[in-house]
Amino acid sequence: MERRWQERWIAEGTWEVDADDPRPPYYVLCMYPYPSGPAHQGHVRNYTFGDLNVRWRTMLGYAVLSPIGFDSFGLPAENAAIATGVHPRVFTEARIAELRASLVRLGAAYDWRREVRSHDPEYMRWNQVFFVRMLEAGLAYRASAPVNWCPGCRTVLANEQVLADGTCDRSGDLVERRQLEQWFLRITAYADELLEALPALDWPERVKVMQRNWIGRSEGAELSLAVQGRPELSVEVFTTRPDTLGGVTYAVLAPEHPLVGSLTAPAQRAEVEALVKSVARLSDIERQAGAGTDRVALAKRGAFTGAHVINPLTGAPVPVYVADYVLMGYGTGAIMAVPAEDQRDWDFAAAYDLPVVRTVAPPQAWEGEAYIGDGVKINSSFMDGMTVTEARAEAIEWLERTGFGTRKVNYRLRDWLISRQRYWGCPIPVVYCERCGVVPVPEDELPVMLPDDVEFAPTGEPPLASCPEFVKALCPRCGGPARRETDTMDTFVDSSWYFLRMCDLPQGAPAPPTAPFDPAAVARWMPVDTYIGGVTHAIMHLLYARFFTRVLGDLDFAPAALREPFGRLFTQGMIRMGGRAMSKSKGNVVAPERYFDSVGADALRVFHLSVGPPADDVDWTSQTDELIEGCARWLGRVWRLAVGVSAADETSDRAGAAPDLALRRVTHRAIQAVTRDFERWSYNTAVARLRELTNAIHAYLGCPEGPQTATLTEAVDTLLLLLNPMAPHLVAECWERRHGGEVSTQPWPVADPDLVRDDTTTLVVQLNGKVRDRLEVDPGISESEAAALALASPKVVERLAGVEPRRVVVRPPNLVNIVV
RNA sequence: GGGCGUGUGGUGGAAUGGCAUACACAGCGGACUUAAAAUCCGUGGCCCUUCGGGCAUGAGGGUUCGAGUCCCUCCACGCCCACCA
């Protein structure tokens with residue numbers, strides 16, 4: 001039964017919409033999946049929520065754009081090639097076919113003409129065009145940088161792909177640090193805009209907070225510390241507390257800092273070099289192992305350089321140390337240390353016996369060490385007596401006036417490292433010419449395709465380097481011999497603009513397109529109205545996509561006014577089993593296919609909708625199969641009501657009686673409740689309301705007066721319409737049998753306000769906050785009537801026993817609270 | 001260490017400051033059946049002497065006529081970030 005509808009929806013193009021559709025546009029999108037094979041429960045959950053929105057918005061009268069695609073580049077395909085020798089393209093396309101089949105079996109409504117696959121040559125071409133244009137615009141650049149090298153994947157990773165414990169988020173190997181020439185995208189140029197646009201987004205607050213923290217804007221000052229006796233040298237430092245200048249008793253360079261060599265005196269050289277060498281060997285996790293107050297560990301990890309810098313406020317020379325608690329990757333890689341007002345500096349100072357000068361008077365009973373709170377400034381020259389806030393502003397002005405420093409905003413956000421030393425990705429379209437240097441491949445020669453004849457086994461060299469025909473190139477500028485770039489792009493580049501491409505018709509467009517997407521189509525559909533995916537993408541994907549959308553607007557590919565790609569974002573919870581995320585790599589997967597075969601896709605969909613709030617995690621337990629069975633049982637009841645209740649059960653010759661009115665009330669209240677629940681992402685309660693409606697219809701069938709056709713038809717039809725976005729196969733079949741035709745474009749039912757309103761309501765009578773009686777009253781009851789009724793209640797009279805109430809709180813028509 | 005979130009029956013969960021436990025799963029009882037499955041109906045927090053009461057939303061305070069909901073302290077769990085200067 002489900003298959004028939006799935007085939008029909010595809011054959012008839014039921015879910016295809018075009019840009020000239022007269023209905024108002026609405027764009028529903030689920031994060032496009034990495035094709036790892038047949039769908040897992042996380043996919044089912046995600047695409048069920050998406051499909052519900054597509055079908056519901058369609059019934060509300062929108063032209064709903066519902067595309068799908070596959071994030072088809074990435075490591076697993078390449079690892080499979082290493083393991084089995086199957087080409088990544090062959091492997092990937094087989095996995096896509098499996099996942100696509102699962103999505104079809106789920107009954108999800110897609111416009112398949114818009115399918116995007118990252119590894120399609122046309123998609124690669126535009127990736128590469130964007131890169132070249134960004135290179136021209138100065139938004140892509142090449143730099144030598146300390147990078148995260150994963151020995152298992154034999155590649156460099158983005159900061160975001162290194163987990164908190166210093167391991168690779170894919171292979172779990174301990175990540176090493178290496179210095180390599182890499183390609184970067186200048187996302188930091190957009191840091192402020194990405195930060196400032198956050199508040200206006202209709203996104204979960206915690207995702208916004210994560211983005212805000214990741215961008216990590218902090219205001220302060222950058223200043224130069226003159227090196228004593230070396231007028232040609234100075235140490236640049238960033239601080240958020242310029243007011244604490246008077247407390248600077250030493251300075252610290254990161255071990256990788258370029259000045260370490262020139263500042264270190266001969267007498268200290270051996271010790272400093274030993275420290276630098278030992279730190280270079282450490283992974284991030286080992287480097288952080290002593291973070292906190294472990295002074296023994298700290299004592300091992302710093303060294304005096306022999307040099308001094310001048311404290312600009314006091315004019316006093318202070319020693320310069322090298323220590324690994326200062327990170328080259330943040331700020332300037334050097335700090336002015338204020339032990340009195342920074343706990344890390346305090347710890348280091350204590351370990352190295354360095355002086356502490358307080359510049360903020362701590363509170364009276366202060367027994368702690370560093371004091372970072374507010375207070376009165378001391379030992380701070382012209383700032384003495386000020387508050388910290390005042391002193392901060394004054395200090396910056398003083399720095400700018402004296403030329404020691406400038407106001408500075410610093411970001412935690414780093415530029416986006418996109419180079420990957422892997423095969424199964426989009427090649428970076430540049431060549432290296434002996435004479436001209438870095439030269440982009442001309443746009444009419446794009447895309448640079450991946451050669452098939454390469455060595456996949458890890459060699460330490462990128463796989464593309466193993467193909468001489470690929471590497472050997474002619475310089476587009478001088479025609480001389482050149483070497484082609486052998487790195488490919490981070491796959492997050494692919495996922496940063498696929499939603500724009502989907503506004504067009506990648507699979508149906510007249511070839512060859514002259515643009516990555518039609519700007520008019522983008523203007524019509526974008527931004528995505530409802531974007532649904534896992535919270536795991538809260539930082540990387542969503543931030544990169546926001547950045548890319550802005551860049552493409554600024555480079556005239558997309559409408560310049562389009563800044564934000566995703567207006568409303570919903571992040572669904574994870575599926576867990578045995579306390580851990582359900583995933584293929586952990587081997588705790590319960591495949592959806594077996595439920596498609598047994599209870600059907602509709603029952604599995606309803607399970608995912610009903611099990612709990614969509615944003616919450618779901619625990620897959622021994623009880624889950626019973627819950628899914630329960631969903632299937634309910635759908636069976638609906639089926640029997642819709643197509644099994646014969647005319648003989650109905651009598652149509654009776655005027656509307658009490659049971660009819662009661663059922664009509666339940667029906668119309670269900671419309672109201674389900675509509676509200678859909679708006680607020682509360683699918684579990686929407687299912688509950690529909691089950692109540694089902695129960696009410698059952699009860700109605702058994703009422704003494706007997707069921708009436710009109711009432712019954714309205715209730716069952718409404719049930720079907722409200723259920724359609726959840727269980728579309730069942731409803732499509734029932735609707736066709738009852739009425740003929742397609743249910744998918746039926747209008748969403750509208751509740752009759754007269755039927756939603758009660759003609760009586762329960763008035764709760766409380767005595768000192770405890771419920772003592774319940775009275776059926778008119779909903780329009782007045783305060784005085786309600787109070788009088790409550791006070792007249794026999795149960796109240798008995799308990800009051802003549803005592804005069806001190807106060808009577810009346811909230812008609814729901815509650816009267818009598819206080820004695 | 002910082003930030004955010006969660007804690008309600010046997011289980012998943014429901015509840016604009018106003019009837020706590022909707023809806024479901026499991027359980028129990030019944031109808032139908034030779035029997036089972038399926039289906040249908042009923043029951044369903046805990047305690048007390050059943051009438052009727054009393055006590056229950058992680059613990060303890062507070063605000064309020066009234067708190068699962070708001071405020072404070074604490075406990076437990078989860079997630080994100082983390083020598084970020």
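Computation of the quantities below employed the complete heavy-atom set of this structure, encompassing side-chain atoms and omitting hydrogens, waters and symmetry-equivalent molecules. To find a chain, count down the sequence lines: A is the first, B the second, and so on, and within it residues start at 1.
- Nearest to the side-chain atoms of A/A688 among the listed nucleotides B/A85, B/C4, B/C23 stands B/C23.
- Comparing atom distances between the A/W214 side chain and each of B/A82, B/C25, B/A85 picks out B/A82 as nearest.
- Pair check for B/C40 finds B/G30; Watson-Crick or G-U wobble, both atom distances under 3.5 Å.
- Phosphate proximity of B/C4 to A/R212: absent, as no side-chain N or O sits under 4.0 Å from OP1 or OP2.
- No donor-acceptor contact under 3.5 angstrom links the side chains of A/D347 and A/Y325, judged on distance only.
- Among the heavy atoms of the strands lying under 4.0 Å from A/R633 are primed sugar atoms or P, OP1, OP2 only; no base atom is included.
- When each of A/W214, A/F492, A/Y544 is checked for a ring pair (Phe, Tyr, Trp, His ring centres under 6.0 Å) with A/W416, only A/Y544 meets the rule.
- Atom CG of A/L195 sits in a crowded spot, with more than 12 heavy atoms from other residues, nucleotides or ligands closer than 6.0 Å.
- Separation of the P atoms belonging to B/G7 and B/A85 is 33 Å when rounded to the nearest angstrom.
- Residue-level contact check: A/G630 touches the backbone only, with heavy atoms under 4.0 Å from sugar-phosphate atoms and none from bases.
- Between the CZ atom of A/R772 and the C1' atom of B/G66 there is a distance of 14 Å, given to the nearest Å.
- Across the C1' atoms, B/C79 and B/C70 are found 25 Å apart, a figure rounded to whole Å.
- Residue contacts for A/N695: at a heavy-atom cut-off of 4.0 Å it reaches the sugar-phosphate backbone alone, with no base atom in range.
- In A/E679, the CD atom is crowded: over 12 heavy atoms of neighbouring residues, nucleotides or ligands sit closer than 6.0 Å.
- Mapping A/R691 and A/S218 onto RNA chain B by nearest heavy atom places A/R691 at the nucleotide closer to the 5' end.
- Atom CG of A/D342 is separated from atom C1' of B/G1 by 12 Å (rounded to the nearest Å).
- For the 3.5 Å distance criterion, the side chains of A/D677 and A/T685 qualify, holding a donor opposite an acceptor.
- The same atom, P, is picked in B/C47 and in B/G9; the two are 15 Å apart, to the nearest Å.
- Among the protein residues, A/R640 comes within range of the sugar-phosphate backbone only, with heavy atoms under 4.0 Å from sugar or phosphate atoms but none that close to a base.
- Protein atom CG of A/L641 is 13 Å distant from nucleotide atom P of B/U39, rounded to whole Å.
- Of the P atoms belonging to B/C74 and B/G1, the separation is 13 Å, rounded to the nearest Å.
- Neither OP1 nor OP2 of B/G3 sits under 4.0 Å from any side-chain N or O of A/K208.
- One interatomic measurement links the two molecules: CD of A/Q343 to P of B/G2, which rounds to 12 Å at whole-angstrom precision.
- Considering only side-chain atoms of A/R206, the nucleotide from B/A85, B/G54, B/C79 that sits closest is B/C79.
- Taking the six-membered ring for Trp and thresholds of 30 and 60 degrees, A/H541 and A/H537 have ring planes more than 60 degrees apart, a perpendicular arrangement.
- One can place OH of A/Y683 at 18 Å from C1' of B/C23, the figure rounded to the nearest angstrom.
- Between A/L223 atom CG and B/A85 atom P there is a gap of 15 Å when expressed in whole angstrom units.
- Atom P of B/U34 sits at a distance of 47 Å from the matching atom of B/A20, rounded to the whole Å.
- For B/G9, the base adopts the syn conformation, since its glycosidic angle falls within 90 degrees of zero.
- Side-chain contact, A/N213 with A/R412: no donor N or O sits under 3.5 Å from an acceptor N or O.
- Checking B/U50 for Watson-Crick or G-U wobble geometry (two distances, each under 3.5 Å) identifies no partner in any strand.
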Checklist entry - How does protein reach along nucleotides 7-19 of chain B, written 5' to 3' as B (base within reach of a heavy atom under 4.0 Å), S (only sugar-phosphate), or - (no contact)? => result ---BBSSSS--BB
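- Both distances falling under 3.5 Å, in either a Watson-Crick or a G-U wobble arrangement, place B/C79 opposite B/G3.
- Rounded to the nearest Å, the gap between the P atom of B/C75 and that of B/A59 is 15 Å.
- Along RNA chain B, the nucleotide closest to A/R799 and the one closest to A/H698 are compared, and the more 5′ of them pairs with A/H698.
- The distance from atom CZ of A/R605 to atom CD1 of A/I628, rounded to the nearest 0.5 Å, is 14.0 Å.
- Residue-level contact check: A/R217 touches neither bases nor backbone, having no heavy atom under 4.0 Å from any strand.
- Heavy atoms of other residues, nucleotides or ligands lying less than 6.0 angstrom from CZ of A/R665 number more than 12.
- Across B/G62 and B/U11, the matching P atoms stand 30 Å from one another, rounded to whole Å.
- Across the C1' atoms, B/U8 and B/A76 are found 16 Å apart, a figure rounded to whole Å.
- To the nearest angstrom, P of B/A85 lies 12 Å from CD of A/E219.
- Figure legend: A/R576 and A/W620 shown without cation-pi pairing, the cationic atom not lying both under 6.0 angstrom from the six-membered ring centre and within 45 degrees of its axis.
- Across every strand in view, B/U64 sits unpaired, with no contact that passes the Watson-Crick or G-U test at under 3.5 angstrom.
- Following rounding to the nearest Å, A/M210 (CE) and B/G78 (C1') show an atom-to-atom distance of 13 Å.
- Distances shorter than 4.0 Å separate some side-chain N or O of A/R637 from OP1 or OP2 on B/C40.
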